[in-house]
Amino acid sequence: MIPQLSWYRAALMTFSPNHLLTEESFQHIDPEVYQEWRKKEPLSMTGAEPINPTRPASLNAIPFIIGVAGHRDLVPADLASLRNNVIAALHRLAAMASHSPCVLLSALAEGADQLVAELALELGWQVVAVLPMPLADFLGDFAPGAPQQRLLRLLDRCAGRIEIPWKDRLDPDVRKPRDQQYREQGIFLARQAQAVIVLWDGMERKPGDGACGTNLVVACCREGPPPCPGELLAAPEKTGLIHIPVRRHKAPQRALPRVVPSPSDTIHEGVFKAINHANRELAAARQTRPAAIDQARGWLIPSGDQGLLDPGSTYLADRFAELDVLAIAYQRQRKQVIQVASAATIIAALSQATYGVLAAQPWIIAYGVAIALAYTLYFLLFWLPIFQLENHFLEFRAIAEATRVQLFWRLAGLDQLVAEHYLQLVKSNVGWVREAARALGFMSYLLTPRPPAQPALVETHWIQSQERYFIGDQPPQVSGNARKRRRLQRRFDLSAWVAMTGGAFLVALAGGGYVTADLAVIEEWASSYSASLFFIAAVLKGYAETLGYGEEADSFEMAGGLYRNARHFLREHAGDEELFRACVKELGKHALNENAEWLLLHRRNAFKIEQ
């Protein structure tokens with residue numbers, strides 16, 4: 001599988017050693033189909049064919065991954081109404097994904113899979129075939145002649161193909177190897193898709209009874225798929241379902257089942273809206289900020305080394321550059337708004353204090369204008385959905401960092417998706433970030449299933465570059481951005497301390513009887529401004545906490561130390577490819593955890609107006 005590509009690693013290079021393609025493999029295939037298939041053999045020897053370059057839309061956007069599952073033995077008399085229902089479901093999903101390409105995952109089995117795939121192709125969707133076994137073996141599930149030819153015609157129209165290799169062992173409740181393969185395909189589908197269309201008769205099967213088809217997909221969508229290989233536990237990830245009730249040929253007399261959706265069947269429209277917004281922003285950035293995008297791409301991989309990237313890695317580098325530019329733009333806007341709002345709050349406090357002494361109308365007007373400006377900026381740019389500076393900055397930065405890790409995992413020869421290790425237990429409105437990261441990784445592996453390892457690029461442009469960014473490259477001294485954040489935090493701490501000390505001095509001056517009657521006006525001013533200074537100290541402290549200078553400095557020092565340790569480890573074990581991949585994998589997981597903590601830190605320290 002792609003989120004844990006070792007799941008079907010053999011399919012990306014060659015078929016399982018126990019199921020090599022031989023002449024005997026083709027004995028069940030119609031001779032004409034066999035000759036046609038032999039023409040495709042060079043492409044079929046990979047687990048995923050490249051995306052058709054004549055369809056550039058999907059290569060410049062975050063796609064929606066939609067799955068399909070259903071019964072093979074549909075009732076012929078029902079096909080006309082089923083076509084209408086499927087088209088309606090596809091139109092519904094396409095409307096939800098109004099600014100995003102839709103990619104359909106289908107096993108292309110007879111019946112429901114082929115019906116939905118053909119209709120999706122007619123509507124301009126991209127279809128990726130997810131075959132439950134190598135194509136030569138899968139053709140054995142089709143009758144010779146027209147059925148096999150129909151499958152190959154559909155494969156010709158697909159944007160890519162994934163073949164799941166034969167599993168060495170059967171699950172305890174599965175009796176036949178082919179059933180096991182269909183189970184693996186169903187789990188893959190439920191794990192990858194953001195929504196699944198099921199043409200289902202509604203007859204549920206209990207766990208452990210050998211379910212391996214449509215029932216299994218429904219169960220995985222409602223309860224979450226099992227953990228990836230190598231993982232003991234996994235948070236249950238539920239996938240939205242669109243249930244189209246069907247009758248089956250083996251029981252045509254049975255009435256259509258009544259659709260009783262489970263609460264977990266809900267399509268997460270918020271994910272669609274968020275990814276649509278991201279794609280609109282990405283398209284706008286490509287039009288208006290091409291130079292900034294080129295610069296960001298150069299920061300990630302210098303232009304002299306960009307020619308070494310495979311198409312899938314280039315796709316990720318391009319998306320990272322665009323996301324990075326958007327994150328920086330929102331970060332700047334957010335900081336400017338916080339600065340103006342904080343300054344307006346301070347002006348309001350001073351104006352109120354001055355009015356308390358002079359009782360002059362201009363000061364109360366200044367107070368009203370300043371406080372109105374602060375609150376207007378706060379509600380307009382942080383709460384109004386059309387702006388949401390805080391959320392957009394954090395989310396674009398989170399996706400960019402996940403894309404960075406995905407890129408360097410690929411360049412290290414790792415075949416996993418970062419989505420399997422990122423934000424799994426974060427219950428908030430950032431769930432779409434993980435789905436976007438999953439879709440980007442999925443597309444990159446379709447473009448280049450098994451990219452060549454580039455360890456030099458990983459060490460130079462990720463490990464060493466991130467070490468310099470976080471803590472500099474002059475050990476044991478800490479410099480880089482950790483030092484900058486520490487200095488900023490100390491400056492604001494000092495400023496807040498000065499304001500607090502000034503306020504305390506004025507309180508003592510006003511209430512300590514140190515002034516004479518002739519200087520009573522000083523006491524009045526001290527009494528009025530002491531509260532303002534305390535308030536200003538709180539604003540300065542809140543500003544620093546909102547921008548997270550101190551906590552970021554701590555986090556950056558830890559992250560930089562981790563990259564430094566990784567650099568030393570790889571130097572000590574130079575040439576050991578297995579240890580290299582293991583180290584890069586662990587480093588990526590730590591980087592994802594650090595980024596998740598950073599995201600939660602800023603969520604917790606979200607900007608607010610001091611009262």
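Each residue takes its place number in the sequence, starting with 1.
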Aromatic ring proximity, centroids under 6.0 angstrom, H277 and W432: no

Over all atoms of both residues, closest heavy-atom pair of V68 and L189: O-CD2, 3.2 Å

Rounded distance (nearest 0.5 Å) linking atom OG of S98 with atom NZ of K273: 10.5 Å

Electrostatic pair E420:R438 at N-O distance under 4.0 angstrom: yes

More than 12 heavy atoms of other groups within 6.0 Å of E122 CD: yes

Minimum heavy-atom distance A97-F272, with the two atoms named: N-CD2, 4.0 Å

Side-chain heavy-atom pair R410, Y445 within 4.5 angstrom cut-off: yes

Any side-chain heavy-atom pair of P132 and F188 under 4.5 Å: no

Residues W166, R178; criterion side-chain contact (heavy atoms from CB on, under 4.5 Å); working and verdict: CA-CA 8 Å; W166 289 94; R178 298 185 90 83; 3.9 Å; yes

Donor-acceptor pair, side chain of D310 and main chain of S313, under 3.5 angstrom: yes

Note, L446 side chain near I162 side chain (heavy atom, < 4.5 Å): yes

Lys/Arg-Asp/Glu bridge criterion (N-O < 4.0 Å) met for R397, D324: yes

Sidechain-backbone polar pair: Q126 side chain, L104 backbone, donor-acceptor under 3.5 Å: no

Q181 side-chain N/O to K167 backbone N/O, donor-acceptor pair under 3.5 Å: yes

Parallel, tilted or perpendicular, as decided by the 30° and 60° cut-offs, for the rings of Y182 and F138: tilted

CA sep, side-chain torsions, deciding dist, call: L121, L154, side-chain contact (heavy atoms from CB on, under 4.5 Å): CA-CA 9 Å; L121 287 167; L154 273 174; 3.9 Å; yes

Minimum heavy-atom distance N279-I62, with the two atoms named: OD1-N, 2.7 Å

L323 side, atom CG; I293 side, atom CD1 - distance, nearest 0.5 Å: 9.5 Å

Note, V130 side chain near Q192 side chain (heavy atom, < 4.5 Å): no

Any donor-acceptor N/O pair, Q114 side chain to L108 backbone, under 3.5 Å: yes

D179 vs L170, side-chain contact (heavy atoms from CB on, under 4.5 Å): CA-CA, chis, key distance, verdict: CA-CA 9 Å; D179 290 344; L170 304 182; over 6 Å; no

Any donor-acceptor pair under 3.5 Å from S444 side chain to G312 backbone: no

Any donor-acceptor N/O pair, E322 side chain to L282 backbone, under 3.5 Å: no

Sidechain-backbone polar pair: Q406 side chain, Q416 backbone, donor-acceptor under 3.5 Å: yes

Closest non-hydrogen atom pair, H243 against W200: NE2-O, 3.0 Å

Min side-chain heavy-atom separation W125-L90 under 4.5 Å: yes

N60 side chain to A283 backbone, donor-acceptor under 3.5 Å: no

Rounded distance [0.5 Å steps], CG in D318 versus CG in L309: 9.0 Å

Under 3.5 Å: donor-acceptor pair, side chain of N276, backbone of H99: yes

Check ion pair E118-R150 (N to O, under 4.0 angstrom): yes

Heavy-atom neighbours of R175 CZ exceed 12 at 6.0 Å: no

Any donor-acceptor N/O pair, H421 side chain to L592 backbone, under 3.5 Å: no

Euclidean distance, I87 CD1 relative to H91 NE2, rounded to 0.5 Å: 6.0 Å

No-hydrogen, no-angle side-chain donor-acceptor test under 3.5 Å, E281 and H392: no

Atom pair OG1 (T403) and CZ (F320), whose distance is rounded to the nearest 0.5 Å: 8.0 Å

Point-to-point distance, once rounded to the nearest 0.5 Å, from OG1 of T314 to CG of L447: 9.0 Å

Distance-minimising heavy-atom pair for F442 and L417: N-CD2, 3.9 Å

Closest non-hydrogen atom pair between Y315 and P63, with its separation: OH-CD, 4.1 Å

V86 and I244: CA distance, side-chain angles, deciding distance, side-chain contact (heavy atoms from CB on, under 4.5 Å) verdict: CA-CA 8 Å; V86 170; I244 298 177; 3.8 Å; yes

Side-chain heavy atoms of F408 within contact of L300, under 4.5 Å: yes

pair F64-L93: side-chain heavy atoms closer than 4.5 Å: no

Contact check, side chains of L131 and D137, non-hydrogen atoms, under 4.5 Å: no

